[in-house]
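Structure, as structure tokens:
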Amino acid sequence: MSATPTPRVDVRRADDRYRTDIAWLDSKHSFSFGSHWSADNTHHGLLLVNNDDVVRAGTGFETHPHRDILFVPRGAVTLEGSGALGTADAVRFTATGGQRVTATEPAEILVWEMHATVAG
């Protein structure tokens with residue numbers, strides 16, 4: 001009989017999350033990203049990215065590939081290939097060649113990116 005592993009819960013309050021604050025973006029990351037690196041905090045199951053991004057109007061993310069669910073709880077953005085998204089809109093997309101996201105007004109964007117398979 002094999003033992004069942006005990007799930008580990010690591011509570012991270014919003015104000016304790018990794019933060020990137022640059023001219024056009026204020027982003028809080030739940031997992032390792034860029035210079036905020038911890039080998040023990042790279043994902044949770046299939047979830048690779050859980051970011052809360054505040055983007056200044058007229059700016060946004062350059063074209064880059066990803067497999068995301070993008071939810072816009074506040075503000076407005078234009079998602080290349082999908083069009084305009086406003087408060088409470090959500091879209092799921094895969095962009096292996098990349099997609100550009102532009103804030104058309106100040107916007108808070110929650111981004112979740114998933115692994116195709118569970119990482120080991």
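Side chains included, hydrogens not; waters and symmetry mates left out as well; all remaining heavy atoms used. What you see is a predicted model; the values in this text were computed from it and never measured. Residues: numbered from 1 along the sequence shown.
- Rounded to the nearest 0.5 Å, atoms NZ (Lys28) and CG (Asp15) are 5.0 Å apart.
- Phe33 and Ile22 sit in two unconnected hydrophobic clusters of ILVMFWY residues. Membership requires side-chain heavy atoms under 4.5 Å apart, directly or through other members.
- Listed by first then second residue, pairs satisfying side chain to side chain donor-acceptor pair (under 3.5 Å) with a partner in residues 72-92 read Arg74-Glu108, not counting sequence neighbours.
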Assess the residue pair Ile109 and Val55 against the criterion (side chain to side chain contact (heavy atoms under 4.5 Å, CB included)); give the C-alpha distance rounded to whole Å, side-chain angles, the decisive distance to 0.1 Å, and a yes or no. CA-CA 8 Å; Ile109 306 167; Val55 184; 3.8 Å; yes
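- More than 12 heavy atoms of other residues, nucleotides or ligands lie within 6.0 Å of CG in Asp16, so this atom counts as buried by the packing criterion.
- Separating the CG atom in Leu48 from the OG1 atom in Thr42 is a distance of 7.5 Å, to the nearest 0.5 Å.
- Tyr18 and Trp37 sit in two unconnected hydrophobic clusters of ILVMFWY residues. Membership requires side-chain heavy atoms under 4.5 Å apart, directly or through other members.
- A heavy-atom distance below 4.5 Å is not found between the side chains of Phe31 and Asn51.
- When all heavy atoms of Gly75 and Glu105 are compared, the closest pair comes out as CA-OE2, 3.5 Å.
- Side-chain atoms of Ser30 and Arg17 form a donor-acceptor pair, as typed in the model, at a separation below 3.5 Å.
- Note that CD of Glu113 is 9.5 Å distant from CG of Leu47, once rounded to the nearest 0.5 Å.
- The backbone N or O of Ser32 sits nowhere less than 3.5 Å from a side-chain atom of Ser38 that would complete a donor-acceptor pair.
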Evaluation steps, side chain to side chain contact (heavy atoms under 4.5 Å, CB included), between Arg19 and His29: CA-CA 6 Å; Arg19 184 173 181 192; His29 321 280; 5.8 Å; no
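- Val101 approaches Val77 most closely through the heavy-atom pair CG1-CB, 4.2 Å.
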Begin with the C-alpha distance, continue with both residues' side-chain angles, and end with the deciding distance and a verdict on side chain to side chain contact (heavy atoms under 4.5 Å, CB included) for His44 and Asn50. CA-CA 10 Å; His44 179 77; Asn50 178 28; over 6 Å; no
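- Asp53 contributes atom CG, which lies 7.5 Å from atom CH2 of Trp24 (distance to the nearest 0.5 angstrom).
- Proximity of Leu25 to Thr59: side-chain heavy atoms (C-beta onward) are nowhere separated by under 4.5 Å.
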